[in-house]
Amino acid sequence: MDAERARHGVESVQQWRDGEWQVRGISGGASVKTYRCPGCDQEIRPGVAHLVAWPADGAGDLTDRRHWHNGCWRARDRRGPNLLRGRGAPRYG
């Protein structure tokens, strides 16, 4: 595995109640932007390891990718999204 792939993580497909998701872990060193986690509606700051997930069906595009805290992603079957903002509100990432 080359250094760039190790830094950006290896993709895998995960099965959840809402379908299959392509998931890739992002190391703290590769995280350079601020994102907003859809699980807790809190910021994921630069330098914080997290993951990015998108539908595995291939029907979506780059706008379907979401950056999640690792714990929020693991807990997503036990709780729903905690989005407090409207769909038209600006988001990070």
Side-chain angles (χ1 to χ4, degrees):
M1 183 180 312
D2 65 29
E4 188 65 17
R5 243 181 113 196
R7 200 168 86 99
H8 289 297
V10 177
E11 293 178 16
S12 66
V13 175
Q14 296 182 11
Q15 179 68 43
W16 291 83
R17 279 189 281 175
D18 59 350
E20 289 187 344
W21 292 86
Q22 197 77 24
V23 178
R24 183 177 65 216
I26 306 294
S27 71
S31 178
V32 296
K33 292 173 55 178
T34 299
Y35 298 98
R36 187 162 300 274
C37 175
C40 66
D41 200 35
Q42 299 298 309
E43 289 182 346
I44 302 171
R45 307 288 292 167
V48 174
H50 63 283
L51 61 86
V52 62
W54 63 95
D57 61 11
D61 59 18
L62 290 178
T63 63
D64 293 316
R65 295 187 318 172
R66 296 292 178 265
H67 293 255
W68 291 75
H69 291 110
N70 294 324
C72 292
W73 177 256
R74 287 189 304 269
R76 64 191 299 266
D77 267 350
R78 295 189 305 271
R79 62 180 183 181
N82 188 22
L83 292 178
L84 304 175
R85 296 167 284 115
R87 286 185 69 72
R91 63 174 196 212
Y92 298 101

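Computed from a predicted structure; not experimentally measured.
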Side-chain atoms of residues 44-57: list all donor-acceptor pairs with protein atoms under 3.5 Å, sequence neighbours left out, distances to 0.1 Å.
from, atom 1, to, atom 2, distance (Å)
R45, NH1, E43, OE1, 2.8
H50, ND1, V48, O, 2.9
H50, NE2, H67, ND1, 2.9
D57, OD1, A59, N, 2.9

In this structure, CZ of R76 is separated from CZ of R17 (nearest 0.5 Å) by 9.0 Å
Sorted by chain and residue number, the side-chain hydrogen bond (donor to acceptor under 3.5 Å, both in side chains) partners of Q14 (sequence neighbours excluded) come out as W16, W73
dist W21:CH2 -> R66:CZ (nearest 0.5 Å) comes out at 8.5 Å
